[in-house]
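This report refers to the structure that appears directly beneath it.
All chains are named by letter (A, B, ...) in the order of the sequence lines, taking the proteins before the strands, and each is independently numbered beginning at 1. Reckoned from all heavy atoms, side chains included, excluding hydrogens, waters and symmetry mates.
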Number of protein chains: 2
Amino acid sequence: MSSATLNTDALSQRLADSGLRSTPQREVVYDVLLKKRDHPTADEVFARVKNGLPTISLATVYNCLETLVQCNLVRAVNFERGPTRYCPNLLPHAHFHDEKTGKTHDIDLPADLLEKVNSVLPPGYNPSSVEIIFRGKATGEVASSG
Amino acid sequence: MSSATLNTDALSQRLADSGLRSTPQREVVYDVLLKKRDHPTADEVFARVKNGLPTISLATVYNCLETLVQCNLVRAVNFERGPTRYCPNLLPHAHFHDEKTGKTHDIDLPADLLEKVNSVLPPGYNPSSVEIIFRGKATGEVASSG
DNA sequence: CTTGCACCTTAGAACCATTCCAATTTGTTG
DNA sequence: CAACAAATTGGAATGGTTCTAAGGTGCAAG
Ligand SMILES: [Mn+2]
Ligand SMILES: [Mn+2]
Ligand SMILES: [Zn+2]
Ligand SMILES: [Zn+2]
């Protein structure tokens, strides 16, 4: 069984769990996100998806992306007021936005750090999510994560 | 000497340092931000500023806000793709966005926590800023910070 | 089957925060 | 004062996203 099939199955499963249908558009959008994890914008996803599905519309790409976010298969990430970017990395992680190249890097967050971060909240604050965004320059050749 | 005069002086000083002029518009915009620290949007600042300066334009409010951010007297804060909000709190702090009320709360960040957060970055990553945003519900009556 | 109906996709219009533009006003300097 | 630069203004333009209305798709009940 190919990994594309596994992904597709996982997707169908999640969609079904939410009472939604698996469609070619949703599958291809999800595949595109898994294949190149460089935090593409909706426009970039649109361009990539058209290779496999030339008649898809931008509206549908937005719809599919929102569906994937709703199903918790993808995270939406924003930097300032730039276009929303999409990330299939479901592990807790921060983002490093390289001001020089415009590239976005995933930064793994150990559970104990998340705990410490949450501990700065006074009693009564009940966070449902935390987001950590670094901005700066990533010098030289550093590891993975598009 | 009133505190408004002190603020105005601090502002003039910073502007002069950047080779910029102190203007009534810039002063009133800055005063509005200092007076009610609830992270207003440009539109909200516009509405408040019109009380003291009825003929000011929205474009000027945007210009003034950008100037204040450039001079490091004010921070611009973004939540998702909502309108940019403005914050005169210059201490290192995170933001808690209350999903119920829409209100934004400042959360002080101890220096040692910032250090720990920065320490998750692999070598080669050179951050110029970090931003921490909590999202959730703030239950009951909790301290200050609009 | 086949009809009903909800779900999906689509193109294009609408939206809205922000930026840009050209014209005017203001302030500083010689 | 005159000249010039900086700042303000109203309105147009921008651009990512959402909305709308119309058609397509596919499971489900009869
Ligand atoms: Mn960016
Ligand atoms: Mn908000
Ligand atoms: Zn990511
Ligand atoms: Zn703040």
Side-chain angles (χ1 to χ4, degrees), chain A residues 8 11-30 32 39-50 52-71 73-86 102 104, chain B residues 8 11-12 14-30 32 39-50 52-71 73-87 102 104:
Chain A
T8 296
L11 173 58
S12 309
Q13 193 54 59
R14 286 295 189 92
L15 289 169
D17 289 353
S18 303
L20 302 173
R21 292 182 190 157
S22 186
T23 67
Q25 290 86 351
R26 284 170 180 172
E27 286 173 18
V28 175
V29 166
Y30 188 43
V32 155
H39 304 83
T41 63
D43 267 345
E44 288 165 348
V45 171
F46 184 41
R48 294 176 197 177
V49 161
K50 278 200 278 198
L53 218 53
T55 62
I56 196 172
S57 73
L58 178 58
T60 298
V61 170
Y62 273 103
N63 292 340
C64 293
L65 289 170
E66 195 192 325
T67 298
L68 295 173
V69 169
Q70 232 74 57
C71 293
L73 285 163
V74 165
R75 276 176 61 184
V77 182
N78 292 283
F79 300 117
E80 257 114 67
R81 302 234 348 131
T84 298
R85 297 176 170 277
Y86 296 88
T104 299
Chain B
T8 297
L11 172 59
S12 309
R14 285 295 189 94
L15 289 170
D17 289 352
S18 302
L20 302 173
R21 294 179 189 161
S22 185
T23 68
Q25 289 86 351
R26 285 170 179 171
E27 286 173 17
V28 175
V29 166
Y30 188 44
V32 156
H39 303 84
T41 64
D43 267 345
E44 288 165 346
V45 171
F46 184 40
R48 294 176 197 176
V49 161
K50 278 200 279 199
L53 218 52
T55 62
I56 196 173
S57 74
L58 179 58
T60 297
V61 170
Y62 274 103
N63 291 339
C64 292
L65 288 170
E66 195 193 325
T67 298
L68 294 173
V69 169
Q70 232 73 56
C71 293
L73 286 163
V74 165
R75 275 177 61 184
V77 181
N78 295 108
F79 300 117
E80 257 114 69
R81 301 232 349 131
T84 299
R85 297 178 169 278
Y86 296 88
C87 171
T104 299

So A:T67 and A:L15, side-chain contact (heavy atoms from CB on, under 4.5 Å) or not? Walk me through it. CA-CA 8 Å; A:T67 298; A:L15 289 169; 3.7 Å; yes

Show, in sequence, the C-alpha distance, side-chain angles and deciding distance for B:V77 and B:T104, and conclude whether the side-chain contact (heavy atoms from CB on, under 4.5 Å) test is met. CA-CA 10 Å; B:V77 181; B:T104 299; 5.5 Å; no

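Judged purely by atom type and a 3.5 angstrom limit, B:E66 has no side-chain atom pairing as donor or acceptor with the backbone of B:N63. Checked by atom type and distance alone, the side chain of A:R14 pairs as donor or acceptor with a backbone atom of A:C71 at under 3.5 Å.
Across the protein-nucleic acid pair, B:L15 atom CG and D:dA5 atom C1' stand 16 Å apart, rounded to whole Å. Atom P of nucleotide C:dG27 and atom CZ of B:R26 are separated by 12 Å, given to the nearest angstrom. With rounding to whole Å, A:L65 atom CG is found 15 Å from C:dC8 atom P. Per the geometry, CG belonging to A:N78 stands 16 Å off C1' belonging to C:dT18, to the nearest Å. What separates CD of A:E66 from P of D:dG16 is a distance of 18 Å, to the nearest Å. In this structure, the CD1 atom of B:I56 is 9 Å from the C1' atom of D:dT8, given to the nearest Å. Atom CD of A:E44 and atom P of D:dT17 are 11 Å apart (whole Å). Between A:Y30 atom OH and C:dC8 atom P the separation is 18 Å, expressed in whole Å.
Residue A:T60 is classed as a base contact, given a heavy-atom separation below 4.0 Å to a base.
In terms of position on DNA chain C, the residue among B:P83 and B:A59 whose nearest nucleotide sits closer to the 5' end is B:P83. For the pair B:R81 and B:N63, both in contact range of DNA chain D, the more 5′-proximal nearest nucleotide belongs to B:N63. If A:L58 and B:S22 are placed on DNA chain C by their nearest nucleotide, the residue sitting closer to the 5' end is A:L58.
Side-chain nitrogen and oxygen atoms of A:R21 include none within less than 4.0 Å of the OP1 or OP2 phosphate oxygen of D:dG26. OP1 or OP2 of C:dA17 has not a single side-chain nitrogen or oxygen of B:T41 nearer than 4.0 Å. In this model, the phosphate group of C:dT18 is approached by a side-chain N or O of B:T84 to a distance below 4.0 Å at OP1 or OP2. In this structure, B:Q25 does not reach the C:dT26 phosphate: none of its side-chain N or O atoms is under 4.0 Å from OP1 or OP2.
Each of B:L68, B:V74, B:V29 was evaluated against B:Y86; a single residue qualifies, B:V74, per the side-chain contact (heavy atoms from CB on, under 4.5 Å) test.
Proximity note for B:A42 (side chain, C-beta onward) versus D:dT9, D:dT17, C:dT18: the nearest is C:dT18. Listed nucleotides D:dA7, C:dA17, D:dG16 differ in distance to B:T23; the shortest reach to its side chain belongs to D:dA7.
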